[in-house]
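Take a look at the structure set out below.
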Amino acid sequence: MKLAKNKLQQAFDLMAKEANLLVPMKIEGVTKFAPWGAEGELAMDAVNTLLPPKDALFPQTEKMYKYKTRLTQVESLEEIKETDKQIIFGIRSCDMHSIDCMDEVFLTRGYVDSFYSRKKENLTTVAIGCTKVLPTCFCDSMGLNPVAAPTADVQLNDLGDYYAVKAQTEKGEALVNLLKPLLEEGDGEAAALECTLKVNMDGVQKKLMNVKMFESDIWQETAQKCIGCGTCTYVCPTCYCFDIEGKECGNEGYKFRCWDSCMFSEYTRMAGGHNPRPSKKERVRNRFLHKLAYFEDRYGKGSLCVGCGRCVADCPVDLDITMFIDKVGALKEAGSND
Amino acid sequence: MTNHECTCGENPLVPQICNVIKITDETPDTKTFRVQTLDGKKPFDPMPGQLGMFSLIGVGEGMFSVTAKGEDYLDFAIKRCGMLTDALHEMSVGQQVGVRGAYGNTFPVEACKGKDMLFIGGGIGLAPVRSFIRYAFENREDYGKIDILYGARSAKDLVFKEDLYTNWPAMKDTKVHITVDCDDEELACHVGFVPAYLEELAFKPDNRMVVLCGPPIMIKFCLDSLTKMGFSNDQVITTLEMRMKCGIGKCGRCNIGSKYICLDGPVFTMAELEGLPQEF
Ligand code: SF4
Ligand code: SF4
Ligand code: FES
C-alpha cells in the first residue's frame, strides 16, 4: 500500500483520534517526538531527532505509586498504572532498535517491569526509512539498516510523493486498516543508503570482555577530557538507567523514577561513602563497556550502541565513541597499550 | 487502622506495607527490626543470603540482607550509616514500613551439604551470615561440624549476643569463637583481630566451606590467612554490597562487569570474584 504525502495530515488526524500520536517536531529549536498538535513545526526530515523517543516507554520522570500516611501508619498505597494508547510515527531504524534493547532489559531476566510493559503493550511504532544521513550516523556499522526496521509495527519508505506502507505485525495491520481510506494500491522499493561514519566492530566486543582490558591505559586517555555533564546518556536512545525518589507534601506523597546517568558520581556512591566508580575514568569505562561489551554478554542481542551518533554530535568535548571503537579495534591484543 | 488498600505482590517495584512488631537493640549503632504484613504473615520467603528492600514511606528505601526469617516475620539487622538508617533507628514498634523482595541469589546451601562449615563475620557482617547459620541449624543433619568465628571492635559492638553466647554454643558439634579488637569490658573472650585469631585456631581445609562477610579490610586479611592455611578460592563464599535502587536488574547501577549484584549476587565465591573486573 502507499500513502500520498499530501494526505499525511489527514492520516495524523485519524491516528490521533485512536491514540496519543507522537510525531517528530521542532519545538523551540529542539527536535523531538511530541504529540501531534503541539505548538511547533513538523520535522519529518530531522533524520534522527535531537532527543530520542525513548520517553514514550520510559518517561524522564514517571510516578510509580502514591500513598497517604497518618503519623506512623500508612493509610493507603496505590500503584499508578498508565495505559494510554500511543503511536510513535516516524521512528528511525536506530531508535527502533533501541526499543528492542530496552525490551530485553525491562521485560526479561526474571522480572517484568510493569511500568514499562504496560506502555509497550499499548504502543504502536511506525518506522520510516532514512533518505539522507547525518554526518554522525553509523547505524549500518552496528548491524542495522537505515531503510528497514524489522521490529517496527509498520515500515514506511519515502518514494518521493508517496510513502510505501508495509504492516509488519498484527498491531501494524490494525493501524494500516485504520488508514485504509487514505491509502492507495501499490508499493515500491526503498533505495539503499549508507551511513557517513564507519566503524569496524569485528573483535571489539571480545577484546573488551577480556579482563586485561579493564586495566588498560586506554581508559585514562579516553576519559581525560570528559567533563561529566551527562549529555551523552541524556540523548542516548538506549541509556535506560534510572533512580527512584519520592516526593511528599503533608501526609501524601508519591514515589517516582527518573532518568539517571552513570556519568554522575552520585550514581554508585554508597550510604557509607564508599564509591566503586570514584572518578571519570571508571565512569567512562563503565559506560563504554556497557554499550559495547557487557550488554552483548548479558543479553546476547548485540551492542547497546545502535549507532545513532547523538553522543558523537552532542558531547561538548567531542568524546567520540566511534573513535574509541577504532582505537580498540586497532589494538594488537586486549590489554596491550598499542 | 482505617481501610487499607494496597496493590502488593503484582509489581516487584511496589512495596508491601508491614508493621514493625519488634525492635532489638544489638549495639549502640545497630538494631534488628522484625516486620510482618498487616495480615500477620512474613512479607516474602527468602533463602539464606537474599536481600530485601526496606522503606520508610516518605523517607527512602535501602537494600539490606534478611538476617532471619520466622514462621510469620522477617528480621533485618540495620546499622546506622546515613540519612535513611538514622530515620529507621528513630522508629518504634507499631510503625509501618514498606518491604519488597526477595532479591538476589542465595548462599549455596545445597552445595555445602555434607561439609564442615566455618562462618566468619566481622561487625555487622554477621547479619547476612546469620541467615545461613540459622538454616544450617534448622537442617543440622545436612552439615558437618560448625565453627562460627565472630569479631567486633569491642564488647559493646557484638551483635546477636544471645545467639553467640547462649543459642549457638548449645547446638550439636558447634563451636563459637568470639574475639574483640579491644577488651574494654573485660569480657571473657579472645582479644585480637579476626585474621590473627583465625590462624591461631588453625582450621583444616579438608571438606570445609567458609562463609566470610565483614568490612573489606577484614575480608582481605582473612583471605590471606585462609590461603596460608590451605583453603582454595572456591571454598570461600562472600557477599558484595553495591548501591541499589530497583533490586531487579533494571536500574543499572549495581553492575560489576556484566553481572548485576541485585540479581546475580550478592553471594559469590572468591573464585567467581576473581573472574570479574575488580570494581567494588
Ligand atoms: S557528553 Fe561527553 S563530556 Fe558529557 S559526560 Fe558524556 S562523554 Fe563526558
Ligand atoms: S552510545 Fe551514542 S551513538 Fe551509541 S546509541 Fe547511544 S547516543 Fe547513539
Ligand atoms: S539495583 Fe537496579 S540493577 Fe541492581
Side-chain angles (χ1 to χ4, degrees), chain A residues 64-65 67 69-79 81 105-106 108-116 209 211 213-215 239-246 248 251 253 255 257 260 262 266-277 282 285-286 289-290 293-299, chain B residues 1-8 10-20 38 55 57-62 79 81-85 91-92 94-98 103 216 241-243 245-260 263-264 274-280:
Chain A
M64 303 169 73
Y65 53 89
Y67 57 82
T69 55
R70 202 183 46 185
L71 300 173
T72 62
Q73 309 295 295
V74 183
E75 269 184 21
S76 68
L77 190 149
E78 194 193 329
E79 185 178 344
K81 298 182 180 175
V105 172
F106 287 112
T108 74
R109 305 296 135 140
Y111 290 95
V112 170
D113 183 301
S114 328
F115 300 106
Y116 182 92
M209 279 310 290
V211 273
M213 200 61 214
F214 200 74
E215 301 303 336
C239 273
Y240 60 79
C241 293
F242 61 86
D243 192 6
I244 298 178
E245 284 298 335
E248 197 168 45
N251 65 344
K255 202 93 174 160
R257 67 171 168 196
D260 203 347
C262 60
E266 248 336 86
Y267 182 69
T268 46
R269 177 150 60 226
M270 305 195 0
H274 173 66
N275 193 342
R277 298 203 275 268
E282 293 84 17
R285 176 172 64 190
N286 186 69
L289 285 174
H290 188 202
Y294 297 159
F295 184 78
E296 159 68 12
D297 188 54
R298 189 170 181 80
Y299 297 98
Chain B
M1 271 299 306
T2 45
N3 65 345
H4 180 98
E5 346 155 12
C6 94
T7 44
C8 335
E10 305 160 33
N11 186 327
L13 292 174
V14 178
Q16 297 184 63
I17 305 304
C18 288
N19 283 315
V20 175
L38 301 182
S55 58
I57 308 286
V59 178
E61 289 188 308
K79 182 175 163 158
C81 67
M83 205 195 63
L84 171 68
T85 47
M91 298 193 301
S92 38
Q95 167 91 38
Q96 290 182 341
V97 295
Y103 299 129
E241 272 185 62
M242 292 288 274
R243 184 179 170 116
K245 285 282 179 172
C246 71
I248 57 173
K250 312 293 186 204
C251 80
R253 78 199 55 239
C254 72
N255 75 300
I256 295 175
S258 55
K259 299 264 181 274
Y260 286 90
L263 271 186
D264 312 310
E274 272 179 8
L276 290 179
Q278 300 301 297
E279 191 175 50
F280 38 85

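Proteins get letters first, then strands, A, B, ... in listed order; numbering begins at 1 in each. Being a predicted model, the structure only gives us computed values, none of them experimental.
Atom CE of Met83(B) has 12 or fewer heavy atoms from other residues, nucleotides or ligands within 6.0 Å.
Contacts between Lys79(B) and chain A at a heavy-atom distance below 4.5 Å are absent for every atom of the residue. Heavy atoms of Asp264(B) lying under 4.5 Å from chain A belong exclusively to its side chain. The parts of Ile244(A) that come within reach of chain B are both its backbone and its side chain, each placing non-hydrogen atoms under 4.5 angstrom from that chain. For Asn251(A), no part lies near chain B; criterion is any non-hydrogen pair under 4.5 Å. Interface residue Glu282(A): backbone and side-chain heavy atoms are both found under 4.5 Å from chain B. Within the 4.5 angstrom heavy-atom criterion, atoms from both the backbone and the side chain of Val105(A) approach chain B. For Thr69(A), the part lying near chain B is the side chain, with the backbone staying farther off; criterion is any non-hydrogen pair under 4.5 Å. Looking at Asp260(A), the atoms closer than 4.5 Å to chain B (heavy atoms on both sides) all sit in the side chain, from C-beta outward. Contact of Leu263(B) with chain A is made through the side chain alone, with heavy-atom distances under 4.5 Å. Using a 4.5 Å cut-off between heavy atoms, Cys246(B) touches chain A through backbone and side chain atoms alike.
Per-residue counts of heavy-atom pairs under 4.5 Å with chain A were compared for Gly82(B), Gly252(B), Gly275(B), Gly257(B); the largest is that of Gly257(B). Contact count versus chain B (heavy atoms, under 4.5 Å) is highest, among Phe214(A), Tyr65(A), Phe295(A), Tyr267(A), for Tyr267(A). Among Leu84(B), Ile256(B), Asn19(B), Ile57(B), the residue with the largest count of heavy-atom pairs under 4.5 Å with chain A is Ile57(B). Between chain A and the residues Gly94(B), Ser92(B), Gly249(B), Gly60(B), the most heavy-atom pairs under 4.5 angstrom are made by Gly94(B). Of all the listed residues (Gln95(B), Met242(B), Lys250(B)), the one sharing the greatest number of non-hydrogen pairs under 4.5 Å with chain A is Lys250(B).
In this structure, the separation between CZ on Arg257(A) and SG on Cys251(B) is 9.5 Å, given to the nearest 0.5 Å. From Arg298(A), atom CZ reaches atom OH of Tyr260(B) across 6.0 Å, with rounding to the nearest 0.5 Å. Taken from CD in Glu241(B) to NE2 in His274(A), the straight-line distance is 9.5 Å, to the nearest 0.5 Å.
Between Pro15(B) and Tyr67(A), every side-chain heavy-atom pair lies at or beyond the 4.5 Å cut-off. Contact check for Met64(A) versus Asn11(B): no side-chain heavy atoms found under the 4.5 Å cut-off.
Ion pairing between a basic and an acidic side chain is recognised when a charged N comes within 4.0 Å of a carboxylate O; Glu266(A) and Arg253(B) show no such pairing.
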Show the numbers, then the answer: is there a side-chain contact (heavy atoms from CB on, under 4.5 Å) between Asp243(A) and Lys245(B)?
CA-CA 7 Å; Asp243(A) 192 6; Lys245(B) 285 282 179 172; 2.7 Å; yes

Evaluate side-chain contact (heavy atoms from CB on, under 4.5 Å) for Cys81(B) paired with Met270(A), printing each intermediate quantity in order.
CA-CA 10 Å; Cys81(B) 67; Met270(A) 305 195 0; over 6 Å; no

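Counting all heavy atoms, side chain and backbone alike, Met209(A) lies closest to Ser258(B) at CE-OG, 4.2 Å. The nearest pair of heavy atoms linking Asn255(B) to Asn286(A) is ND2-OD1, 2.9 Å.
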